[in-house]
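Structure first, then comments.
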2 protein chains.
Amino acid sequence: MPAVSAAQGRSTSTAAGQRRRAGRPSAAVLDKAGITAAALELVSRKGYDGLTMAALAKMLDVAPSALYNHVAAKQDVLLLVEDHLMSLVNVSGFEAGSWEDAVRTWAWSYRDVFAAHTPLIPVIAVLPVTDAPQTLAMYETVSKGFSDAGFPQEGIVPAIVALESFIFGSAYDVTAPEDIFESGSMADSTPHFTAAVRSSSAASGASAGIGEPGRQERGRQADAAFRLGLEALVSGLGALRS
Amino acid sequence: MPAVSAAQGRSTSTAAGQRRRAGRPSAAVLDKAGITAAALELVSRKGYDGLTMAALAKMLDVAPSALYNHVAAKQDVLLLVEDHLMSLVNVSGFEAGSWEDAVRTWAWSYRDVFAAHTPLIPVIAVLPVTDAPQTLAMYETVSKGFSDAGFPQEGIVPAIVALESFIFGSAYDVTAPEDIFESGSMADSTPHFTAAVRSSSAASGASAGIGEPGRQERGRQADAAFRLGLEALVSGLGALRS
DNA sequence: CTAGCTAAATGAATGGCATTCATTTAGTGG
DNA sequence: CCACTAAATGAATGCCATTCATTTAGCTAG
């Protein structure tokens with residue numbers, strides 16, 4: 001089961017010297033932890049387009065087909081990555097402090113983690129938690145937090161699902177291009193929308209100095225929308241408590 | 001420019017008799033409307049996995065490479081489909097009636113449309129509205145509705161974005177498998193979550209008779225979470241009005 | 001009227017991708 | 001020590017989006 005750091009160490013160094021000959025090696029080269037780590041590194045370096053079975057194999061200094069002794073399909077690799085990322089979501093607020101603040105901390109960190117990994121969102125949506133221990137652990141902590149805060153039993157899952165839906169959608173929003181709302185040549189025929197876009201970007205731009213690069217401008221707009229929706233959900237859902 | 005229904009009519013019949021010889025045909029076979037219609041039909045028959053450039057070409061009785069005279073890449077086909085779907089979203093509530101009801105009607109129909117087309121959600125998130133007239137038209141109507149309801153100019157776009165984020169995330173939730181929250185063998189180590197899952201499915205199952213097939217059970221749970229979050233957002237965001 | 005330009009089709013590549021299969025080798029349990 | 005299983009290689013497969021050379025049709029300038 002272990003031998004993790006061995007696989008890791010090998011994969012980090014840029015290439016082993018001589019070819020490995022065919023046949024089972026004395027010490028196993030691959031395991032799930034090593035595959036997960038290599039996939040994460042590959043994604044951070046080349047993005048999800050660069051995450052191919054061939055590239056993953058190369059990073060682990062292995063033939064592509066070797067991966068299939070450990071995962072049934074590429075989807076399994078994504079699943080491993082996804083479950084690892086869930087362990088990065090901050091649920092510490094549910095251990096102490098108010099329910100509202102716990103939800104805020106959790107939701108912001110959840111969004112931030114997956115904003116950098118939006119291609120995984122479709123995977124999560126379909127992924128039975130059975131195969132994802134970290135994910136399950138997160139749900140347990142959050143559920144307990146809701147329960148302790150006085151939520152009725154039947155309302156916990158719907159409330160979490162509503163928050164998660166908002167979080168996933170908002171993660172996409174973070175990645176949207178800066179000019180997403182530029183109506184271009186049709187601006188004349190969409191006066192209300194054009195005006196609304198203009199004044200909302202002016203408003204978020206005003207909070208920091210003007211003449212900003214513009215790249216973080218999108219981030220600030222995404223943050224504003226997220227804050228707005230999150231506060232609405234926190235107060236609306238919080239009313240369910242007894 | 002038109003000749004739409006011609007292309008349409010041809011594409012619907014299952015295959016033309018003899019090969020078309022090389023070279024430009026007297027009447028154009030393809031146009032964007034025909035491509036869009038064929039793509040939609042293909043998706044409804046075979047799903048998004050079945051939407052390949054080759055299959056699309058076959059449905060239109062054309063060589064795959066011919067498509068590239070009308071779209072620059074497959075992404076453009078998805079964009080055409082996406083924009084068409086936006087015209088199916090019900091914004092009629094914003095013409096008359098209360099803001100709350102208009103948002104409810106809009107949000108439910110928006111979610112329902114894209115629940116059947118979740119692979120497009122990543123496309124929308126990155127799509128500048130410039131190239132999507134129907135999408136732009138929807139935003140215009142919704143913006144006007146918010147403005148007329150007394151929203152401050154700077155708050156309109158953030159509010160719409162927050163709602164959309166929730167809608168997209170919820171669309172994914174609709175497609176989740178029935179057993180998504182089945183914790184399986186780890187149930188013992190996640191007592192709070194397991195209990196919450198049990199009682200939430202019992203609660204939604206109780207509204208209709210028991211012993212249901214289970215397939216619509218997921219739909220009812222998704223609806224419950226969506227209703228919960230939507231009502232929270234409607235009341236939270238509605239407070240911004242002057 | 002015709003020469004040339006552009007648009008719209010075919011058909012034959014190309015390269016990348018996930019996945020499979022036959023084969024080889026190493027350890028393990030009876 | 002023998003069979004079995006696990007874990008690697010390397011070669012092949014089939015699908016997919018995309019490109020390119022080529023062909024043909026219609027329009028337009030001179």
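All values derive from a computational prediction rather than experimental measurement. What you see below is based on every heavy atom in this structure, not just the backbone, and it leaves out hydrogens, waters and symmetry mates. The chains referred to below are lettered A, B, ... by the order of the sequence lines, with proteins before strands, and numbering in each begins at 1.
At whole-Å resolution of the value, NZ in Lys58(B) and P in dC15(D) are 11 Å apart. Separating the CE atom of Met53(A) from the P atom of dA18(C) is a distance of 7 Å, rounded to the nearest angstrom. Distance Leu67(A) CG to dC17(C) C1': 14 Å, rounded to the nearest Å. Asp61(A) has its CG atom 12 Å from the C1' atom of dT9(D), to the nearest Å. Rounded to whole Å, atom P of dA18(C) lies 5 Å from atom NZ of Lys74(A). Rounded to whole angstrom, the span from the CG atom of Leu30(B) across to the C1' atom of dA7(C) amounts to 12 Å. The CG-C1' distance, from Leu56(A) to dC17(C), rounds to 14 Å in whole Å. Taking atom CG of Asp31(A) as the reference point, atom P of dA8(D) lies 9 Å away to the nearest angstrom.
Here the options are Tyr110(A), Phe166(A), Phe168(A), the test is ring-ring contact (aromatic ring centres under 6.0 Å, His included), and the partner is Phe226(A); only Phe166(A) passes.
Nearest nucleotide to the Tyr68(B) side chain, out of dT19(D), dT10(C), dT9(D): dT19(D). The side chain of Ala66(B) sits closest to dT10(C) out of dT10(C), dT20(C), dA8(D).
Of the two residues near DNA chain D, Ala54(B) and Pro64(A), the one whose nearest nucleotide lies more 5' is Pro64(A). Annotation: of the two residues near DNA chain D, Ala27(B) and Leu51(B), the 5′-most nearest-nucleotide partner is Leu51(B).
The two residues Asp31(B) and His70(B) come nearest to each other via the heavy atoms CA-ND1, 4.1 Å. For Thr175(A) against Ala115(A), the heavy-atom pair with the smallest separation is CG2-O, 3.3 Å.
Side-chain atoms of Glu164(A) and Tyr172(B) include no donor-acceptor pair closer than 3.5 Å.
An OP1 or OP2 oxygen of dA7(C) is reached within less than 4.0 angstrom by no side-chain nitrogen or oxygen of His70(B).
Looking at heavy-atom distances under 4.0 Å, Thr52(A) makes contact with sugar-phosphate atoms alone, never a base.
Side-chain atoms of Asn69(B) and base atoms of dA7(C) include no donor and acceptor less than 3.5 Å apart.
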Working note: Ser204(A) + Glu217(A), criterion side chain to side chain donor-acceptor pair (under 3.5 Å); need CA distance, chi angles, decisive distance, verdict. CA-CA 8 Å; Ser204(A) 76; Glu217(A) 172 60 16; 2.7 Å; yes
